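The model shown is predicted, which means the values in this text are computed figures rather than measured ones. When a residue number appears, it is its place in the shown sequence, counting from 1.
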Amino acid sequence: MTRILLPTDFSENALTAIRYALTLYKDLKCTFFLLNSYMPPVYHTEYLMGSPAQIGLGDIVQQNSQDNLEALKNTLEREFNNPLHTFITHSALNVLSSEITRTVEAEKIDIIVMGTQGASGAKEILLGTNTVHVIKNAKCPVLVIPSGFEYEAPEQILFPNDFEVWLDKNSLEQLLKITKSHVSQVNVMHVYTGDELNTTQQKNKEQLAKVLSESGFFHEVPSNEVIAAINEFQIKQKINLLVLIQNKHTFFERLFIEPVIKKIGFHVTVPFLVIPQ
């Protein structure tokens, strides 16, 4: 049983991510947790202190949240009609990223699936603030779905890797589930900048090859820029899913620190799975 957290603000962006998740896991037994966190539209100190002007406001917002979640649940059950899937709704007065962290621990969530864009919907912004915060703090994998993405089976997966991190079957469990379910090919891309792999990197590469087994295909790509190499690989070969390891010692961290994130933002038009170390 896979336990999947689906945050939603009832937008089209969130619905796209939810539909992707239900289709991706259509052949697996899953429990989906539909999560909506809310704040009253006027959320000031007087609300927290029970000001007469604010009394009942939270109850109304909470009821709307619960009603919308129940309506979404009913819609998904009718639309997908999958006996392998169970839905649980959860409404909470909390900041989204904080509630996600709490729910992941409380419900033993295996993976989070969510959309990319923030409220602005600006094309130059790859990720909304909430998404970035969730990715950087999540203790489980996060699968991020671009706005408006039409489902494609993840037959070809791109996995850029510098082999700085030891990965076993537990850390790659969700990737392996997807790979097995869709008979995917995992293209492990190492960007070669002129330096040979050290002893640790070589051992990590051999370990990864063992874990991925027959689904893993390894590529050495000469380049001085990881992001450019990712974009070029996607152009040459149709990729349906991008996989990244979240670790401060890998190039992934630079994607969220340096302005170059905008470069990849214009080109990453496929879902990407972020795996914590």
Step-by-step ring pair (Phe, Tyr, Trp, His ring centres under 6.0 Å) determination, His219 to Phe233: CA-CA 10 Å; His219 308 266; Phe233 194 98; 5.2 Å; yes
Side chains of [Y] and [X]: any donor to acceptor distance under 3.5 Å?
{"X": "Asp168", "Y": "Ser171", "answer": "yes"}
{"X": "Lys29", "Y": "Thr2", "answer": "no"}
{"X": "Gln237", "Y": "Gln156", "answer": "yes"}
{"X": "Asn13", "Y": "Ser11", "answer": "no"}
{"X": "Asn187", "Y": "Gln185", "answer": "yes"}

Would you say the side-chain atoms of [X] pair up with the backbone N or O of [Y], donor to acceptor, closer than 3.5 Å?
{"X": "Asp110", "Y": "Ile4", "value": "no"}
{"X": "Ser184", "Y": "Pro154", "value": "yes"}
{"X": "Thr8", "Y": "Phe10", "value": "yes"}
{"X": "Asn204", "Y": "Phe163", "value": "yes"}
{"X": "Arg3", "Y": "Glu107", "value": "yes"}

Is there a side-chain contact between [X] and [Y] (heavy atoms, below 4.5 Å)?
{"X": "Tyr25", "Y": "Ile178", "answer": "yes"}
{"X": "Val221", "Y": "His190", "answer": "no"}
{"X": "Lys205", "Y": "Phe218", "answer": "yes"}
{"X": "Thr103", "Y": "Leu5", "answer": "yes"}
{"X": "Pro160", "Y": "Leu242", "answer": "yes"}
{"X": "Thr200", "Y": "Trp166", "answer": "no"}
{"X": "Asn36", "Y": "Tyr38", "answer": "yes"}
{"X": "Leu158", "Y": "Ile239", "answer": "yes"}

Within 6.0 Å of [atom1] in [X], more than 12 heavy atoms from elsewhere:
{"X": "Glu150", "atom1": "CD", "value": "no"}
{"X": "Glu79", "atom1": "CD", "value": "yes"}
{"X": "Gln202", "atom1": "CD", "value": "yes"}

Which atom of Asn161 lies closest to which atom of Glu164, heavy atoms considered: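 Shortest heavy-atom separation between Asn161 and Glu164 comes out as OD1-N, 4.5 Å.
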Non-hydrogen atoms of Ala21 and Leu6 that approach each other most closely: CB-CD2, 3.8 Å
Please set out all donor-acceptor pairs under 3.5 angstrom arising from side-chain atoms of residues 86-99, sequence neighbours excluded.
{"unit_1": "His90", "atom_1": "NE2", "unit_2": "Glu99", "atom_2": "OE2", "d": "2.8"}
{"unit_1": "His90", "atom_1": "NE2", "unit_2": "Arg102", "atom_2": "NH2", "d": "3.2"}
{"unit_1": "Ser91", "atom_1": "OG", "unit_2": "Ser65", "atom_2": "OG", "d": "2.6"}
{"unit_1": "Asn94", "atom_1": "ND2", "unit_2": "Glu99", "atom_2": "OE1", "d": "2.9"}
{"unit_1": "Glu99", "atom_1": "OE2", "unit_2": "Arg102", "atom_2": "NE", "d": "2.9"}
{"unit_1": "Glu99", "atom_1": "OE2", "unit_2": "Arg102", "atom_2": "NH2", "d": "3.0"}

side-chain hydrogen bond (donor to acceptor under 3.5 Å, both in side chains) involving Glu196 - partner list, sequence neighbours excluded: Tyr192
Could you state the interatomic distance from [atom1] ([X]) to [atom2] ([Y]), rounded to the nearest 0.5 Å?
{"X": "Leu197", "Y": "Lys203", "atom1": "CG", "atom2": "NZ", "result": "13.5 Å"}
{"X": "Leu212", "Y": "Leu172", "atom1": "CG", "atom2": "CG", "result": "6.5 Å"}
{"X": "Leu24", "Y": "Glu152", "atom1": "CG", "atom2": "CD", "result": "12.0 Å"}
{"X": "Asp27", "Y": "Lys180", "atom1": "CG", "atom2": "NZ", "result": "12.0 Å"}
{"X": "Ile135", "Y": "Gln246", "atom1": "CD1", "atom2": "CD", "result": "8.0 Å"}
{"X": "Leu273", "Y": "Leu143", "atom1": "CG", "atom2": "CG", "result": "5.5 Å"}

Connected via hydrophobic side-chain network under 4.5 Å: Ile111 and Leu84: no
Qualifying residues under ring pair (Phe, Tyr, Trp, His ring centres under 6.0 Å), relative to Phe217, sequence neighbours excluded: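 Ring pair (Phe, Tyr, Trp, His ring centres under 6.0 Å) list for Phe217, sorted by chain: empty.
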side-chain contact (heavy atoms from CB on, under 4.5 Å) partners for Cys140, two or more places apart: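 Cys140 satisfies side-chain contact (heavy atoms from CB on, under 4.5 Å) with Val104, Ile109, Ile112 once adjacent residues are dropped.
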Intermediate values then yes/no, side-chain contact (heavy atoms from CB on, under 4.5 Å), Phe149 and Thr116: CA-CA 11 Å; Phe149 182 78; Thr116 52; over 6 Å; no
Evaluation steps, side-chain contact (heavy atoms from CB on, under 4.5 Å), between Val270 and Gln234: CA-CA 10 Å; Val270 299; Gln234 290 187 96; 3.7 Å; yes
Working for salt bridge (Lys or Arg N to Asp or Glu O under 4.0 Å), residues Lys236 and Glu232: CA-CA 6 Å; Lys236 290 182 177 180; Glu232 185 176 347; 3.2 Å; yes
Output side-chain donor-acceptor pairs under 3.5 Å for residues 71-78, partner residues at least two apart or in another chain, one line each.
{"unit_1": "Asn74", "atom_1": "ND2", "unit_2": "Glu70", "atom_2": "O", "d": "3.2"}
{"unit_1": "Thr75", "atom_1": "OG1", "unit_2": "Ala71", "atom_2": "O", "d": "3.0"}

Test side-chain contact (heavy atoms from CB on, under 4.5 Å) applied to Val274 and Val243, step by step: CA-CA 6 Å; Val274 182; Val243 178; over 6 Å; no
Leu22 and Asn82: CA distance, side-chain angles, deciding distance, side-chain contact (heavy atoms from CB on, under 4.5 Å) verdict: CA-CA 9 Å; Leu22 269 61; Asn82 191 334; over 6 Å; no
Pairing residues for Lys139 by the salt bridge (charged side-chain N to carboxylate O under 4.0 Å, His left out) criterion, not counting sequence neighbours: none
Chi angles and distances behind the ring pair (Phe, Tyr, Trp, His ring centres under 6.0 Å) call for Phe32, His85: CA-CA 7 Å; Phe32 294 97; His85 292 172; 4.8 Å; yes
